[in-house]
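One structure is given below, encoded as structure tokens.
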There are 2 protein chains.
Amino acid sequence: MAKATRGSERREEALSRERIVEVAIELLDDEGEGGLTFRALASRLATGPGAIYWHIANKNELLVAASDAVVARAMGEVLASASPREAIRGIAAGVFEAIDAHPWVGAQLSRAPWQTAMLQIFERLGRQVQALGGPERAWFTSASALLSYIIGVSVQNAANGRLLEPPVDRADFLEKVSAQWTRDAHAYPFTVKVAARLREHDDRAEFLAGIDLILAGIEASR
Amino acid sequence: MAKATRGSERREEALSRERIVEVAIELLDDEGEGGLTFRALASRLATGPGAIYWHIANKNELLVAASDAVVARAMGEVLASASPREAIRGIAAGVFEAIDAHPWVGAQLSRAPWQTAMLQIFERLGRQVQALGGPERAWFTSASALLSYIIGVSVQNAANGRLLEPPVDRADFLEKVSAQWTRDAHAYPFTVKVAARLREHDDRAEFLAGIDLILAGIEASR
DNA sequence: ACCTGAACACCGTTCAAGT
DNA sequence: ACCTGAACACCGTTCAAGT
């Protein structure tokens with residue numbers, strides 16, 4: 001009913017659950033987990049902190065809704081694949097990249113599993129595990145293992161990213177970490193031996209190599 | 001220099017980093033993550049909140065120190081094993097049980113990887129991966145995949161435990177979850193198909209089955 | 001029905017003052 | 001050197017009062 005509705009975003013949208021979640025995601029992306037406060041969020045929404053509580057029960061519900069939205073979007077963008085194997089790699093990469101782009105989602109998923117977000121990923125993975133063609137009794141274990149691995153790596157990758165963010169350079173950081181290990185060489189002989197690989201490894205490639213390992217395990221044990 | 005030093009704990013110990021960390025662990029175990037505040041901790045230590053800062057820089061350092069201590073203890077209790085395979089299962093079970101008993105450790109490990117705690121687990125796993133006898137170029141990937149999977153499952157298991165703690169019965173909860181899935185049967189056909197397994201599955205056994213899957217993958221791809 | 005914003009009961013952390 | 005505890009700058013959440 002505004003006099004001139006412009007095609008793009010209107011200046012004054014009414015408060016709604018969807019809009020609150022959307023702005024919360026922006027805030028989390030911009031400022032990190034610590035940046036999401038009801039005061040900051042209210043200010044971006046040009047209202048008072050109390051108004052938000054009319055639409056959302058509390059901060060936890062807000063975080064659940066925000067991470068569900070991000071995961072749903074990511075799953076929607078996963079392309080169809082020729083083989084189940086490729087499809088599983090695609091889902092895995094989609095989750096990895098979504099959490100890499102929105103690190104706070106990782107923290108939220110490990111704080112509250114059994115969210116819709118996890119269920120969505122599990123379902124997607126499961127269908128492909130089924131298509132892989134092993135015996136039915138192995139499906140649950142295979143899909144669970146894939147889900148746990150994917151979430152585990154993605155969360156740690158996101159945490160690393162957050163750690164490195166402000167001033168630190170990735171190469172510098174890894175250099176320092178592996179130097180530390182070399183100093184403790186007597187206590188950590190294995191780690192020192194593979195430290196070179198740490199310095200040069202590609203997180204995403206390493207992640208997918210782990211997926212292949214689990215897929216090989218699934219195929220081997222049927 | 002007390003008049004009568006008793007064999008067991010003295011009533012009045014001086015403040016020290018070790019003692020603070022020890023009492024913090026007790027507090028976290030008793031009250032959960034939310035229970036660790038500098039005021040509550042100070043009160044258990046019969047001092048003021050400011051005193052703690054003489055020994056520990058901030059809350060994050062306290063959480064890192066506490067989880068390092070728990071993991072170090074758990075790793076110390078892992079028994080020697082005949083085969084590398086058994087040793088890896090033992091390390092995995094040790095981590096799983098330590099995080100199950102101290103759920104807050106899970107949250108902390110996924111918030112701050114590259115802690116001593118993670119390094120210790122990685123080193124232990126790595127030595128056994130090496131003993132497994134595959135090619136050296138595969139060691140890093142194999143040990144990383146195992147570590148990620150172990151931490152991923154343990155963290156989620158701990159989060160579930162926290163979720164279920166207060167009044168909820170595990171069977172009831174799983175019943176409700178799988179009922180929810182059945183209602184959304186059209187959206188989650190795979191999940192519904194394996195829901196029966198969810199209701200009756202044993203988390204620890206499922207976890208070890210996942211380890212076996214990865215081990216099978218490691219052996220298959222060499 | 002929905003919004004406002006002051007107020008409440010907490011936090012982590014600092015710091016002047018003590019011993 | 002180490003401890004004390006009040007004070008500061010924040011939180012999430014509630015709620016009387018408004019429209």
Side-chain angles (χ1 to χ4, degrees), chain A residues 1-2 10-67 104-105 107-108 111-112 115 159 162-163 166, chain B residues 1-2 10-67 104 107-108 111-112 115 162-163 166:
Chain A
M1 288 306 175
R10 266 164 288 163
R11 297 279 308 282
E12 285 282 354
E13 272 177 272
L15 226 47
S16 69
R17 191 186 158 89
E18 288 70 38
R19 181 155 163 67
I20 291 169
V21 170
E22 217 46 54
V23 175
I25 291 174
E26 288 170 24
L27 188 52
L28 284 160
D29 286 346
D30 291 352
E31 314 280 345
E33 246 162 309
L36 180 66
T37 69
F38 279 81
R39 284 169 181 80
L41 184 55
S43 145
R44 282 203 183 199
L45 289 161
T47 181
I52 297 166
Y53 283 89
W54 186 262
H55 302 273
I56 301 248
N58 51 46
K59 189 168 182 174
N60 185 57
E61 190 180 303
L62 182 56
L63 280 165
V64 168
S67 50
W104 50 273
V105 173
Q108 179 54 24
R111 206 175 304 127
Q115 280 179 225
R162 245 176 306 160
L163 210 69
Chain B
M1 289 308 172
R10 267 164 286 163
R11 298 279 308 281
E12 287 281 354
E13 272 177 89
L15 226 47
S16 69
R17 191 185 157 91
E18 288 71 36
R19 180 154 164 65
I20 291 170
V21 170
E22 216 47 52
V23 175
I25 292 174
E26 288 170 24
L27 187 52
L28 284 160
D29 287 345
D30 291 351
E31 314 281 345
E33 246 162 307
L36 181 66
T37 68
F38 278 81
R39 284 170 181 80
L41 183 56
S43 144
R44 282 204 183 198
L45 289 162
T47 181
I52 297 167
Y53 284 88
W54 187 261
H55 302 274
I56 302 245
N58 53 44
K59 190 168 181 174
N60 185 57
E61 190 180 302
L62 181 56
L63 280 165
V64 168
S67 50
W104 51 272
Q108 180 53 26
R111 205 174 306 129
Q115 280 179 225
R162 247 175 306 159
L163 210 69

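For the numbers below, each heavy atom of this structure counts, side chains included, while hydrogens, waters and symmetry mates do not. Here the structure is a predicted model, which is why all the values come from computation and not from measurement. Below, chains carry the letters A, B, ... as their sequence lines are ordered, and counting in each starts from 1.
Counting heavy atoms from C-beta on, the side chains of B:Trp104 and B:Ile25 come closer than 4.5 Å. Side-chain contact between B:Leu36 and B:Lys59 is present, with at least one heavy-atom pair separated by less than 4.5 Å. A:Ile56 is listed as a side-chain neighbour of A:Arg17, based on a closest heavy-atom distance under 4.5 Å. Between A:Arg39 and A:Ile52 the shortest side-chain heavy-atom distance does not fall below 4.5 Å.
Counting to the nearest Å, the C1' atom of D:dG18 and the CH2 atom of A:Trp54 are 13 Å from each other. Protein atom CG of A:Leu15 is 19 Å distant from nucleotide atom P of D:dT19, rounded to whole Å. With rounding to whole Å, B:Asn60 atom CG is found 13 Å from C:dG12 atom P. Distance A:Ile52 CD1 to D:dT14 C1': 14 Å, rounded to the nearest Å. C:dC11 atom P lies 12 Å from atom OH of B:Tyr53, rounded to whole Å. When rounded to the nearest whole Å, the span between CD1 of A:Ile20 and P of D:dT13 equals 14 Å. At whole-Å resolution of the value, NE2 in B:His55 and C1' in D:dC2 are 7 Å apart. Atom CZ of B:Phe38 and atom C1' of C:dC10 are 16 Å apart (whole Å).
Remark: the backbone N or O of A:Leu63 is paired with a side-chain donor or acceptor of A:Ser67 at under 3.5 angstrom.
Out of C:dT13, D:dA1, D:dC11, the shortest distance to the side chain of A:Arg39 is found at D:dC11. Considering only side-chain atoms of A:Pro49, the nucleotide from C:dC3, D:dT13, C:dT13 that sits closest is D:dT13.
With a 3.5 Å ceiling on both atom-pair distances, C:dA9 lacks any Watson-Crick or G-U wobble partner. Shown here, C:dA17 forms no base pair; nothing in the strands shown gives a Watson-Crick or G-U wobble contact with both key distances under 3.5 Å. Using the Watson-Crick or G-U wobble rule with both distances under 3.5 Å, C:dC3 pairs with nothing in any strand shown.
Each of B:Lys59 and B:Ala51 has a nearest nucleotide on DNA chain C; the 5'-most of these lies closest to B:Lys59.
Residue A:Leu36 is classed as a sugar-phosphate contact, given heavy-atom separations below 4.0 Å to backbone atoms only.
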